[in-house]
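Structure record follows, encoded as structure tokens.
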Amino acid sequence: MIKGLIFDLDGVITDSAEYHYQAWKALGQDLGIPFDRAFNERLKGISRMESLELILEHGHQSEQYTQKQKEILADKKNIHYLSFVEKMTEKDVLPGIRDLLKEAKQRQLKIALASASKNGPMILNRLGVQSYFDVIVDPSSLIHGKPNPEIYMKGADMLGLQPSECIGLEDAQAGIEAIHRAGMFAVGIGDFIVLKEADYIVSDTSQLQLDKLLENARK
Ligand code: BG6
Ligand code: MG
């Protein structure tokens, strides 16, 4: 029986995946490493420093910077990203998400956030949805990033549930893999080809219906 929902944040609760893309793209341009949306799929769900490493590798520049310089570059991207986040309001919760959270609460399901983002708690506050979340996994408490299942396993554990009692919701390939490796039912939101490994896929959040998710997870 499903007793909990575990949400990714960026691209699931709000469109911040697009802000991450814009901010990384600008940094890439500054460094002379242009990249497109197809490459960006590889950054989704991946931590800030790992994303920077992937971009530098893509531009054959991994060896050109010291660790300290890489941290400065990652900070620069984050400051740019936060300039988008500052403009976020409660209206920026993606369609259908607030209703899904509300209904899940009414049905006594537990709710967790499993985001790689260190900005997660602050963004939930800005969106006015923090009170729906029973727990937020702190990504800095983890050893491994997605696609490792650690973040989803920790989310289930913090909720006091077995992974088999949880549904994970993701917009990224790495996230779907993490959910599966944790032993959970995986809901993909976005491109059907990118997310083809998911157990249930919707093209956007407005298509999410709790009944349908529960029904499919039970099959
Ligand atoms: C993930 C995003 O949720 O968080 C990634 O999908 C992002 O794009 C990562 O890099 C880390 O986020 P932040 O806010 O800590 O830089
Ligand atoms: Mg995401």
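Each ligand, and each atom within it, is numbered from 1 in the order the structure gives.
- Take the N/O/S atoms of Asp171: the one nearest the Mg ion (ligand 2) is OD1.
- Using a 4.0 Å cut-off between a side-chain N of Lys or Arg and a carboxylate O of Asp or Glu, Lys70 and Glu53 qualify as a salt bridge.
- In this structure, Ile189 is not a member of the same hydrophobic cluster as Ile46, with clusters built from ILVMFWY side-chain heavy atoms closer than 4.5 Å.
- Looking from atom 10 (O) of ligand 1 to the surrounding protein, the closest heavy atom is Ile46 O, 2.9 Å.
- Here the N, O or S atom of Asp10 that is nearest to the Mg ion (ligand 2) is O.
- Sorting the N, O or S atoms of Asp8 by how far they are from the Mg ion (ligand 2) puts OD2 first.
- Listed by number with element, the atoms of ligand 1 under 4.0 Å from a non-hydrogen atom of Lys118 are 13 (P), 14 (O), 15 (O).
- The pair Glu41-Lys44 counts as a salt bridge, with a side-chain nitrogen and a carboxylate oxygen less than 4.0 angstrom apart.
- Close approach of ligand 1 to Leu43 (heavy-atom distance below 4.0 Å) involves ligand atoms 5 (C), 8 (O).
- Between Glu90 and Arg98, some side-chain heavy-atom pair lies under the 4.5 Å cut-off.
- Which parts of ligand 1 touch Ser115 is read off a 4.0 Å heavy-atom cut-off, strictly below it: atoms 3 (O).
- For the 3.5 Å distance criterion, the side chains of Ser51 and Lys77 fail to qualify, holding no donor opposite an acceptor.
- With hydrogens and angles disregarded, no donor-acceptor distance shorter than 3.5 Å links the side chain of Glu197 to the backbone of Ile176.
- Residue contacts with ligand 1, taken as heavy atom pairs separated by less than 4.0 Å, do not involve Leu9 at all.
- A salt bridge links Glu18 with Arg37: the distance from a Lys NZ or Arg NE/NH1/NH2 to an Asp or Glu carboxylate oxygen falls below 4.0 Å.
- Every atom of ligand 1 is numbered from 1 in the order shown, and the set under 4.0 Å from a heavy atom of Lys44 is 6 (O).
- The parts of Ala116 lying near ligand 1 are both backbone and side chain, judged by heavy-atom distances below 4.0 Å.
- For ligand 1, the polar-atom distance check finds no N/O of Tyr81 at less than 3.5 Å from any of the ligand's N/O atoms.
- Protein heavy atom at the shortest distance from atom 6 (O) of ligand 1 is Gly45 N, 2.8 Å.
- A side-chain contact (heavy atoms from CB on, under 4.5 Å) with Leu213 holds for exactly one of Val202, Val187, Asp199; it is Val187.
- Considering both main-chain and side-chain atoms, Arg48 comes within under 3.5 Å of ligand 1 through a nitrogen or oxygen pair.
- Here the protein heavy atom with the shortest distance to atom 2 (C) of ligand 1 is Asp10 OD2, 3.4 Å.
- A salt bridge links Asp211 to Arg107: one of the charged nitrogens lies within less than 4.0 Å of a carboxylate oxygen.
- Within the structure, the closest approach of Ala17 to ligand 1 does not fall below 4.0 Å when heavy atoms are considered.
- Glu170 lies apart from the Mg ion (ligand 2) in this respect, since none of its N, O or S atoms is found at a distance under 2.8 Å.
- Using 4.0 Å as the threshold, Ser51 has a heavy atom nearer than that to some atom of ligand 1.
- Here's the thing with Asn119: one of its N/O atoms is less than 3.5 angstrom from an N/O atom of ligand 1.
- A distance-only check finds no donor-acceptor pair linking the side chain of Arg48 to the backbone of Asn78 [under 3.5 Å].
- At least one side-chain heavy atom of Leu5 sits under 4.5 Å from a side-chain heavy atom of Leu210.
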